[in-house]
Amino acid sequence: MKVTPQSLAMLMLSLAVSLPADQKRESVVCYLSWFNEIGGFTGSRAWRPGGYRYQEASENDWNYPLPQTALPTRAPDIGSDEFYRLLFESARATQHVMKNAGFDIVTFDMLPMPKYDPSQPLSDTNIPFAHFRTYLEWIRAAEDTGMRVGLMPDIMNKSSDYPEGRKLNRDEWINVLGGALTAIQDKRPLWRIDGKPVVIHFGSDIVYGGPAPVSADIKPDGGWRDVLSGLRTKGSSLFFIADARPHDYILRWGDISDGLHMFAPAAPMAFLADYQRDISKALSIPFVWTVSPGYYRPGLSYTEPDFARIDATYRAAMQSGAERIYFLTWNDFEERTDIAPSPHKGSYLLDVVAFYNRWFKTGMKPSAAPESVVLAYPFRISAQVKTKSPVWGKRNAHEKLDGSWSSPPYEPKVFYWANVSSKQTLTVEGIGTAELTPGVSFGSFTGVKAGTMTAVLNGTTLTLPAVDADEGDENLDFRYVDLKKPLPIAVKKIKPKLFTAVSEHFESFADSTAWKNTNYGGYILSGENEFAIGDNPLKDNVNGSERCLHITSAANTPLGKFSINMKGMTEGSFSFKVFSPCRSKSGPPYGYATWSFGNKSGALFHGDFYEYLNRITAASGNREPFGGYAVTNLGALSGTWHTVSGGWTKDGRVTVSHDGTAVLSNAPMRAALGGGISVFTLSSADVGDGKRTSDIYIDDITIETK
């Protein structure tokens with residue numbers, strides 16, 4: 001074999017990262033309890049009856065998790081057996097995905113509950129951490145999956161329970177941690193080191209302003225040494241891994257904690273590779289390496305999702321003999337460090353991480369089968385970017401890392417990562433070309449603009465989901481695709497937000513004089529915002545529940561209605577559920593509804609729908625005042641839920657079905673400018689004898705546009 005500088009370098013690297021026979025490496029991943037796919041957004045009170053987190057998040061441009069288990073149409077009551085069964089099934093399915101990606105341990109990040117009383121039994125209200133009951137289901141699920149589950153207390157409780165943030169003192173922390181450890185100490189899947197339950201903390205270090213359980217004058221821990229001493233005095237056994245920050249006091253943690261890590265998802269590549277290597281050698285206690293795919297929190301910090309950063313961190317950890325590496329995070333969608341299967345990222349980023357997990361744990365680089373060519377590119381191009389992107393300084397004359405940060409200008413980029421068995425050519429049209437060498441290669445191109453993205457791989461042209469144009473707000477999210485796998489369809493789901501009453505929009509009607517002093521009920525919804533409404537039992541709605549969208553009007557008045565602004569959405573589909581408990585004087589419940597499409601918000605219909613349209617046409621000289629419309633009668637909505645679905649096309653045609661039966665088939669939208677849809681409207685009426693009040697309930701609205 002001919003020895004070249006390149007082959008010699010690869011040989012040296014393989015020797016450097018090969019795994020000693022007596023060493024077992026472990027991959028750990030952080031899971032945030034409040035981003036549970038079926039849970040609330042923050043804290044412990046934000047579980048929403050009738051709704052799931054992934055549904056709520058899908059209303060806007062944020063990424064959100066794809067459920068790993070089937071979810072029922074109606075969410076079970078919180079605290080019910082069905083509720084915890086669903087949590088268990090979700091935990092088990094998610095852990096299987098984690099395990100298949102090479103993770104051995106999942107840490108469960110939870111907010112402490114300072115009012116927890118360890119002398120009282122555990123309950124839905126008396127718990128040491130928010131979502132602690134969910135944590136117990138995750139431990140139970142690990143009996144099936146073989147995963148281990150670690151306890152991760154967060155820095156404080158800032159949630160719907162404590163909106164201003166609640167910091168715990170020494171005794172409160174002892175109660176919270178002691179109670180949690182007592183509840184889980186006998187659980188077989190618990191993560192243990194040296195036979196002791198691991199508590200891996202977030203925010204232990206107070207030098208940069210973290211909350212001190214005792215005093216900010218005690219550096220670097222603020223008194224965590226007293227918390228740990230108090231726990232052990234009371235008989236709690238634990239292996240405490242503190243979360244530190246880089247400063248002159250960092251080595252003191254060797255006398256305070258059992259282990260150390262740095263929860264630093266925003267840190268740039270040089271920090272994750274160089275500083276962690278240096279500090280792991282200097283410490284007298286075990287060090288858990290941190291790795292992150294990138295970071296973005298608007299207004300706070302932006303770190304590019306560069307594959308080189310992941311590669312450099314794993315390689316440095318292996319070269320340094322690290323026993324554990326900690327991926328931040330599985331599901332922090334707020335800070336964009338998520339790798340869970342999701343609409344924006346699919347499983348493509350997770351596949352890259354799985355490759356490095358296998359390499360880290362075995363010491364052998366995985367083969368190129370199956371091949372991957374993963375691209376990460378901006379979801380949207382923002383006209384103005386205010387969030388800073390940190391770059392760690394270089395080494396100074398004393399061979400220490402310079403602790404200053406700089407902020408380079410933002411440049412929209414395409415990042416690529418490839419693992420191929422033969423040389424291949426990758427071109428992103430109008431941006432750049434790269435030669436992919438056998439094995440792993442990665443890099444980036446600058447110059448990304450809004451619009452269509454086209455990639456050419458070995459002569460095969462692939463049209464990718466487009467980059468959105470600026471919508472007035474900063475958004476540095478990224479979309480991921482694997483050119484070796486079927487490309488995803490770009491689908492944007494919205495659930496608009498209730499924002500104003502219809503009665504505030506009378507001035508927009510062409511025949512406004514006819515409607516003065518009329519009490520219109522109902523609401524108008526804007527697709528530019530978000531809201532969540534849940535599925536509820538029929539009896540709740542009949543009894544006046546506000547948990548569904550409810551539109552109404554008084555007897556003998558024009559009817560309530562709701563509409564949704566879909567400006568710019570030129571093709572798509574919709575569905576919703578609806579029912580009306582309207583009742584005539586002597587007959588059964590009976591409701592009546594019409595469904596309309598138009599090209600401007602503000603259209604309001606009442607009474608006999610067709611009579612109203614005729615009046616508008618006559619008043620305006622045979623001109624459709626709202627830019628075009630299509631109308632259909634949905635028919636009776638008496639006494640139970642009905643399903644309405646349909647869609648619209650670029651050429652301005654609309655299809656609507658009611659309980660699976662077509663009620664409008666490819667109807668033209670006359671004068672629909674550009675073939676686009678801006679509004680659809682639902683109106684209700686009681687057409688029984690002796691009209692009384694008109695009520696209609698709408699639920700589970702879903703809109704998709706391609």
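All residue numbers in this chain count up from 1 along the given sequence.
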For Met453 and Ile431: C-alpha separation, side-chain torsions, deciding distance, then whether side chain to side chain contact (heavy atoms under 4.5 Å, CB included) applies. CA-CA 10 Å; Met453 287 284 292; Ile431 298 176; 4.2 Å; yes
From CA spacing to verdict: side chain to side chain contact (heavy atoms under 4.5 Å, CB included), Arg479, Leu464: CA-CA 10 Å; Arg479 190 192 303 277; Leu464 310 180; over 6 Å; no
Evaluate Lys413 against Glu304 for salt bridge (Lys or Arg N to Asp or Glu O under 4.0 Å), listing each step before the verdict. CA-CA 9 Å; Lys413 296 179 182 179; Glu304 293 179 331; 3.1 Å; yes
How far apart are the C-alpha atoms of Cys30 and Leu32, what are their side-chain angles, what is the distance that settles it, and do they pass the side chain to side chain contact (heavy atoms under 4.5 Å, CB included) test? CA-CA 7 Å; Cys30 174; Leu32 276 64; 3.7 Å; yes
Audit row: Leu426, Leu483, side chain to side chain contact (heavy atoms under 4.5 Å, CB included) steps and yes/no: CA-CA 10 Å; Leu426 167 66; Leu483 303 183; 3.6 Å; yes
Assess whether side-chain hydrogen bond (donor to acceptor under 3.5 Å, both in side chains) is satisfied between Glu435 and Gln424, documenting all intermediate values. CA-CA 6 Å; Glu435 296 298 328; Gln424 302 183 33; over 6 Å; no
Starting from the C-alpha separation in whole Å, work towards a yes-or-no answer on side-chain hydrogen bond (donor to acceptor under 3.5 Å, both in side chains) for Thr329 and Thr337. CA-CA 5 Å; Thr329 64; Thr337 60; 2.8 Å; yes
For a salt bridge (Lys or Arg N to Asp or Glu O under 4.0 Å) check, start with the C-alpha distance between Arg315 and Asp311, then their side-chain angles and the critical distance, and finish with the verdict. CA-CA 6 Å; Arg315 287 178 187 258; Asp311 185 274; 2.5 Å; yes
Evaluate the ring-ring contact (aromatic ring centres under 6.0 Å, His included) criterion for residues Trp417 and Phe355: first the C-alpha distance (whole Å), next the side-chain angles of each, then the deciding distance (0.1 Å), finally the verdict. CA-CA 11 Å; Trp417 183 90; Phe355 171 90; 5.3 Å; yes
Run the salt bridge (Lys or Arg N to Asp or Glu O under 4.0 Å) test on Asp104 and Arg324 for me, step by step, so that the C-alpha distance in whole Å, both residues' side-chain angles and the decisive distance to 0.1 Å come before the verdict. CA-CA 10 Å; Asp104 309 288; Arg324 298 176 183 88; over 6 Å; no
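Between Arg309 and Asp306 there is no salt bridge, since no side-chain nitrogen of the basic residue lies less than 4.0 Å from a carboxylate oxygen of the acidic one. Electrostatic pairing of Glu334 and Arg297 counts as a salt bridge here, judged by a charged N lying under 4.0 Å from a carboxylate O. Using a cutoff of 4.0 Å between basic side-chain nitrogens and carboxylate oxygens, Asp338 and Lys345 are scored as salt-bridged.
The closest side-chain donor-acceptor pair between Tyr296 and Ser301, if any, does not fall under 3.5 angstrom. At a cut-off of 3.5 Å, with distance as the only test, a side-chain donor of Thr387 or Glu474 sits close to an acceptor on the other residue. For Asn357 and Tyr314, the side-chain atoms include at least one donor-acceptor pair closer than 3.5 Å. Between the side chains of Glu371 and Ser421, at least one donor N or O lies within less than 3.5 Å of an accepting N or O. Judged purely by distance below 3.5 Å, without hydrogens or angles, the side chains of Asn63 and Ser342 pair a donor atom with an acceptor atom.
Taking Thr145 as the reference, Gln95 meet the side-chain hydrogen bond (donor to acceptor under 3.5 Å, both in side chains) condition, with sequence neighbours excluded.
Ring geometry for Phe271 against Tyr275 counts as parallel: the plane angle stays under 30°, on a 0 to 90° scale with 60° as the upper cut. Under the 30°/60° scheme for interplanar angles, the aromatic rings of Phe415 and Phe478 are found to be tilted.
In this structure, the side chain of Glu89 does not engage the main chain of Arg85 through any donor-acceptor pair within 3.5 Å.
Annotation: cation-pi geometry satisfied between Arg140 and Phe88 (NZ/CZ under 6.0 angstrom from ring centroid, within 45° of ring axis).
For the side chain to side chain contact (heavy atoms under 4.5 Å, CB included) test with Met152, the passing option among Phe263, Phe108, Tyr31 is Phe263; the others fail. With respect to Tyr416, the ring-ring contact (aromatic ring centres under 6.0 Å, His included) criterion is satisfied by exactly one of Tyr377, Phe445, Phe442: Phe445. The only member of Arg148, Arg92, Arg188 that meets salt bridge (charged side-chain N to carboxylate O under 4.0 Å, His left out) when paired with Glu143 is Arg188.
Taking the six-membered ring for Trp and the full ring otherwise, the centers of His344 and Phe379 sit less than 6.0 Å from each other.
No more than 12 heavy atoms of other residues, nucleotides or ligands lie within 6.0 Å of NZ in Lys187, so this atom counts as exposed by the packing criterion.
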